[in-house]
Amino acid sequence: MSANVRALAAKCCYAVVDKGRSLADELPQLQEKVAGKDKGLLQELCYGVLRYLPELEHSCRQLVTKPLKGKQRVVHFLILVGIYQIKYTRIPDHAAVSESVAATKPLKHFHLKALVNGVLRGFQRMSADGQSEVADAIKFNHPSWFINKIKQAYPSDWQQVLTANMAKPPMWLRVNQLQNSVAHYQEQLKQAKIDIELVDSNSGAIKLVTPVDVGSLPGFNHGEVSIQDGAAQQAAVLLDCQSGDRVLDCCAAPGGKTCHMLELTPGIASMTAIDVDENRLARVKENLSRLNLSAKTIAGDASDPESWWDGELFDRILLDAPCSGTGVIRRHPDIKWLRQASDIDKLVILQQQILTKVWSLLKPGGTLLYATCSILPEENCEQIQQFINKEPNAELVSLNSNSDTIGWQILPNQQSMDGFYYAKLTKRI
Ligand SMILES: C[S@@+](CC[C@H](N)C(=O)[O-])C[C@H]1O[C@@H](n2cnc3c(N)ncnc32)[C@H](O)[C@@H]1O
């Protein structure tokens with residue numbers, strides 16, 4: 001009777017790898033023990049395991065909690081033979097598993113058959129997941145690392161999030177309410193034959209049916225209107241600046257939210273707009289000038305206030321933090337390919353540093369609004385939860401009816417808006 005091919009392959013690899021024997025010496029004697037048609041299979045299994053050894057060992061390590069030692073090492077090689085068959089041969093998976101499990105008997109380690117079975121089935125599942133990862137990356141056109149994060153964060157909505165990222169973004173307008181009422185500007189749009197799809201009753205933001213050329217918007221050059229997504233327009237509404245306030249916008253460029261705050265509250269006593277990037281800060285100045293607004297603009301690092309702060313505390317602070325931009329992928333599809341998984345941890349640290357520093361510039365009783373255009377919990381609710389845990393004087397203000405959640409997470413295309421996050425904090429007196 002022909003011997004079990006998997007058992008012989010395991011013995012052969014064990015002899016070569018653990019005992020230092022040469023394959024040319026070992027293999028021919030073992031081949032004599034099997035029938036003609038199995039000689040080729042035995043050769044393929046031995047050569048295959050030795051070719052792919054590090055990779056097979058790596059897979060095995062992920063699945064075997066307690067490494068096999070001493071005489072049981074031959075079973076370790078049997079597992080590698082099994083993994084090799086599943087990954088690199090056309091042998092059906094079920095046959096690869098059952099034949100390898102059966103090989104524990106001639107190897108005189110029948111008591112380890114459950115282990116071999118469990119490990120190979122675990123490997124089968126692992127590789128099936130790997131394949132579905134690749135399939136999802138192609139189906140949803142996003143990198144696998146990102147899909148995994150979104151699946152984790154939104155187990156029931158992840159497909160909608162990824163699909164929303166593929167849509168063409170809508171055009172939202174912000175009416176400069178110092179120059180015009182929202183109702184009157186709607187009338188102007190009508191006269192210009194520009195169709196409106198909806199008006200957000202909360203912020204007054206107008207969403208157009210179809211994006212138009214900026215030049216065709218009535219009064220754009222005179223500062224009557226700006227382009228700004230509906231989600232970004234929630235910032236000034238939520239921070240709710242009051243006349244007489246000293247306001248800091250510490251990551252301000254290109255200035256959309258700085259200008260919106262000034263438009264909504266003309267009595268703001270002073271507005272300081274900081275950005276670390278001088279070129280981007282120039283865009284804040286352009287926007288202020290087009291809209292006929294004024295603010296103190298400073299090129300500076302928000303995590304190092306000592307280098308720019310005049311020593312007077314602020315009543316309101318907007319921290320529109322540097323972030324992964326994962327909420328605005330529909331507007332910037334390059335984010336999918338420019339961002340790496342490793343960037344997220346660095347951004348989380350930077351956000352935390354800026355938040356801690358600017359919090360110290362807030363008056364007791366003052367309000368800070370933390371914002372990101374991210375949909376990743378680590379940059380948003382988890383970031384804020386950690387901050388509250390370590391800052392006893394930080395109090396979270398509820399932003400939506402569901403008071404269980406920390407802050408307000410807007411998902412891409414929710415109410416037609418970009419993906420955004422807001423958390424409002426007040427400083428206890
Ligand atoms: C999300 S954008 C701000 C958008 C802006 N608030 C608006 O509504 O137009 C983040 C900004 O943070 C700036 N930034 C990044 N790191 C910074 C730092 N350490 N200090 C100040 N600004 C920083 C970036 O240059 C970028 O302009």
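Counting starts at 1 for both ligands and their atoms, in listed order.
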Nearest atoms (heavy-atom pairs only) where Lys207 meets Pro170: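 Looks like CE-CB, 3.4 Å.
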
Which of the ligand 1 atoms, numbered from 1, are nearer than 4.0 Å to a heavy atom of [X]:
| X | answer |
| --- | --- |
| Pro322 | 15 (C), 16 (N) |
| Cys250 | 21 (C), 22 (N) |
| Asp277 | 25 (O) |
| Ile354 | 18 (C), 19 (N) |

Sub-4.0 Å heavy-atom contact, Gly300 with ligand 1: yes

Contact check, Pro254 vs ligand 1, heavy-atom distance below 4.0 Å: yes

Which bit of [X] gets closer than 4.0 Å to ligand 1, counting heavy atoms only: side chain, backbone, both or neither?
| X | value |
| --- | --- |
| Cys373 | neither |
| Ala252 | backbone |
| Arg280 | side chain |

Nearest option to atom 5 (C) of ligand 1, as decided by whichever heavy atom of Ala253, Ala232, Gly255 sits closest: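 It is Ala253 whose heavy atom sits nearest to atom 5 (C) of ligand 1.
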
Aromatic ring pairing Tyr370/Tyr421, orientation class (parallel under 30°, perpendicular over 60°, tilted between): perpendicular

Mutual orientation of the aromatic rings belonging to Tyr422 and Trp408 [parallel < 30°, tilted 30-60°, perpendicular > 60°]: tilted

Carboxylate-amine/guanidinium contact Arg174 Asp200, below 4.0 Å: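 Between Asp200 and Arg174 there is no salt bridge, as every charged N stays at least 4.0 Å from the carboxylate O atoms.
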
Under-4.0 Å salt bridge between Lys424 and Asp240: no

